[in-house]
Amino acid sequence: MLYSEKVMDHFLNPRNVGEIEDASGTGTVGNVKCGDIMKVYLKISDDGTVEDAKFKTFGCGAAVATSSMATEMIKGKSIDEALRITNKAVMDALDGLPPIKVHCSCLAEEALHAALWDYAQRKGIIIEGLKPPVNDIGEHDEVMAY
Ligand code: FES
């Protein structure tokens with residue numbers, strides 16, 4: 001079996017699909033390798049806790065599974081903890097991905113970071129260790145689907 005049971009579960013029953021209308025930050029990133037797109041919405045409370053996370057992905061099964069897991073992992077976390085949700089951590093939580101699909105998990109990490117960056121920009125704060133998103137492609141709502 002190419003994919004773990006957890007990957008298949010999150011692919012077939014993705015958690016947190018959708019939008020957050022009054023999101024504190026959003027991040028839209030594209031994967032240069034395959035052209036897939038992901039948008040993440042974060043709701044962050046005044047004390048800096050991620051209260052809710054949702055995503056929309058126009059992408060492959062591994063991208064859907066990693067976004068699903070990444071949004072599950074970030075909920076309830078502080079900003080600092082959220083920053084430590086790397087693609088490696090998400091892949092570990094999914095019991096791994098085939099090597100050819102590792103780049104898909106990077107999309108989820110980049111989308112989370114882009115949403116945190118947007119949040120920081122809106123709040124006028126600096127999040128230590130957070131870099132500006134590289135693959136931010138801005139608003140592409142018209143091509144978003146899942
Ligand atoms: Fe594009 Fe997986 S093939 S994100």
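As the structure lists them, so they are numbered: ligands from 1, and atoms in each ligand from 1.
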Tell me how many protein N, O or S atoms are within a distance shorter than 2.8 Å of atom 1 (Fe) of ligand 1.
2
Quick one: which ligand 1 atoms are inside 4.0 Å of a heavy atom on Lys101?
2 (Fe), 3 (S)
N/O donor to acceptor pairs below 3.5 angstrom from side-chain atoms of residues 101-108, sequence neighbours left out:
| unit_1 | atom_1 | unit_2 | atom_2 | d |
| --- | --- | --- | --- | --- |
| His103 | ND1 | Asn31 | ND2 | 3.0 |
| Ser105 | OG | Asn87 | ND2 | 3.2 |
| Ser105 | OG | Val102 | O | 2.6 |

Shortest non-hydrogen contact from Glu51 to Lys75?
O-CD, 4.2 Å
Crowding at CD1, Ile126 (>12 non-hydrogen neighbours, <6.0 Å):
no
Going by distance alone, is a donor N or O of one side chain under 3.5 Å from an acceptor N or O of the other, for Asn16 and Thr71?
yes
Kindly say whether Ala63 contributes a backbone atom to a donor-acceptor pair with the side chain of Ser67 at under 3.5 angstrom?
yes
Taking Leu97 as the starting point, is it possible to reach Ile100 by hopping between hydrophobic residues whose side chains are less than 4.5 Å apart?
no
